[in-house]
Amino acid sequence: MIPRRKPGRLDDVRSNGWLDAMKSSSPPSRKVQKESGIEDFSDDAKGVYSSWMFKYPSALSSFQQIVSHAKNKKIVIFLDYDGTLSPIVDDPDRAFISADMRSAVRDVANHFPTAIISGRSRDKVYQLVGLAELYYAGSHGMDIMVPIRNELCTNGSFIKCTDQQGKEVNLFQPAREFLPMIDEVYRILVNKTKEVEGAIVENHKFCASVHYRNVDENCWPALAQCVHDVLKGYPRLRQTHGRKVLEIRPIIDWDKGKAVEFLLESLGFRNSHDVLPIYIGDDRTDEDAFMVLRGRYQGYGILVSAVPKESNAIFSLRDTSEVQEFLGSLAETMENQEIYEMEEGDGTKGIL
Ligand SMILES: O=P(O)(O)OC[C@H]1O[C@H](O[C@H]2O[C@H](CO)[C@@H](O)[C@H](O)[C@H]2O)[C@H](O)[C@@H](O)[C@@H]1O
């Protein structure tokens with residue numbers, strides 16, 4: 001299994017907090033909780049969740065408040081992928097979106113500009129979601145594709161290319177110079193972790209992931225130390241924590257929050273008063289986006305979580321099925337408004 005190490009070799013990951021972060025990074029999936037009988041439906045657990053929801057009320061029960069705030073504004077939807085549109089599963093290659101969720105996302109995108117912002121590569125997340133009408137930002141926002149007609153920045157930071165439909169688009173890739181480095185580190189990590197049963201390394205173009213969800217917990221310190229040792233040779237890369245995954249990314253000042261600001265500008269929303277951005281996500285990396293929405297946009301971050309946790313979000317949803325319900329309600333409200341406006345010849349803008 002893991003190569004034996006000299007005593008004391010794991011001190012780095014113990015002292016720098018990696019191990020604690022790894023342990024607290026994600027509750028086991030619902031399936032695993034059920035199978036191991038640790039699913040906690042006790043009154044205490046329910047009570048703790050209910051009091052947490054005072055701080056982060058359900059976006060479903062606060063739905064009217066959300067839509068009234070959208071009057072005379074354009075809603076823009078941002079969606080994370082894993083844990084938000086598809087439930088967390090053991091195999092990252094099998095994290096599929098259901099047909100119903102896909103159609104809920106399609107319906108919402110028919111009414112509001114909708115973007116997916118994922119830690120996966122842009123190509124991979126596009127392949128999984130499979131909807132051409134959305135905007136996609138992969139590699140934690142370091143790979144953004146926007147339509148040419150909406151281009152506002154002409155500072156040369158865009159690369160012109162064609163999308164999957166052959167349409168001309170602009171690509172924004174602030175970490176482009178790191179492409180060979182990520183590729184090299186990915187290959188080293190694959191090689192160094194190949195003996196670790198259950199470890200999976202993914203190449204997401206501008207970042208890489210080392211999964212330990214399926215690795216025996218006793219082997220986590222050695223796996224973390226291995227990643228730490230590899231990164232010592234790459235001072236321009238840093239490591240962050242996701243749900244049972246170590247993420248390796250460039251040290252550039254860019255994250256999902258910056259990607260949200262960039263997309264809003266690129267979509268023509270220079271004036272923050274004209275827009276109500278809503279961002280739904282479940283992961284630590286989504287916190288940067290929640291933070292941006294709390295600022296000048298006064299938008300709504302919605303955390304997807306079945307367990308209480310501190311967040312920069314304003315509202316919460318329990319799981320992917322509630323996300324689907326929320327998206328469905330947004331699309332339905334908009335459809336009703338359009339019917340109402342047609343019948344009344346009403347010039348009201350925004351949603352009711
Ligand atoms: O920003 P996201 O779209 O949420 O991507 C974050 C990471 O998601 C994936 O890993 C997570 O989901 C997997 C499938 O459910 C699960 O097995 C894993 O434990 C989770 O961390 C993806 O594979 C990662 O590369 C992304 O960074």
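Whatever order the structure lists them in is the order used to number ligands and atoms, beginning at 1. Below, all heavy atoms of this structure are taken into account, side chains as well, without hydrogens, waters or symmetry copies.
- For atom 23 (O) of ligand 1, the nearest protein heavy atom (residue, atom name, distance) is E202 OE1, 2.7 Å.
- The heavy atom nearest to atom 1 (O) of ligand 1, considering only R284, E247, K256, H211, is found in K256.
- Ion pairing between a basic and an acidic side chain is recognised when a charged N comes within 4.0 Å of a carboxylate O; K256 and D286 show such pairing.
- The nearest heavy-atom contact from the protein to atom 21 (O) of ligand 1 is R243 O, 2.4 Å.
- By the criterion of a heavy-atom distance under 4.0 Å, neither the backbone nor the side chain of R94 is placed next to ligand 1.
- When heavy-atom distances to ligand 1 are checked against a 4.0 Å cut-off, C207 has no atom that comes that close, whether in backbone or side chain.
- R213 NE, 2.6 Å is the protein heavy atom nearest to atom 19 (O) of ligand 1.
- Close contacts of ligand 1 with H204, meaning ligand atoms under 4.0 Å from a residue heavy atom, involve 24 (C), 25 (O).
- Among the atoms of S209, some N or O lies under 3.5 angstrom from an N or O of ligand 1.
- The option with the heavy atom closest to atom 16 (C) of ligand 1, from among D82, N203, V89, is V89.
- Ligand 1 places these atoms under 4.0 Å from at least one heavy atom of A95: 14 (C), 15 (O).
- At a heavy-atom distance under 4.0 Å, only side-chain atoms of V245, from C-beta outward, approach ligand 1.
- Using a 4.5 Å heavy-atom cutoff, the side chains of Y49 and V307 are not in contact.
- Shown are Y136, Y135, W254, F206; of these, the ring-ring contact (aromatic ring centres under 6.0 Å, His included) with F172 is made only by W254.
- Counting heavy atoms closer than 4.0 Å to ligand 1, residue D90 contributes backbone atoms (N, CA, C, O) but none from C-beta onward.
- A 4.5 Å side-chain heavy-atom check between L263 and V146 finds at least one atom pair inside the cut-off.
- By the 3.5 Å distance cut-off applied to N or O atoms, D282 is not counted among the residues near ligand 1.
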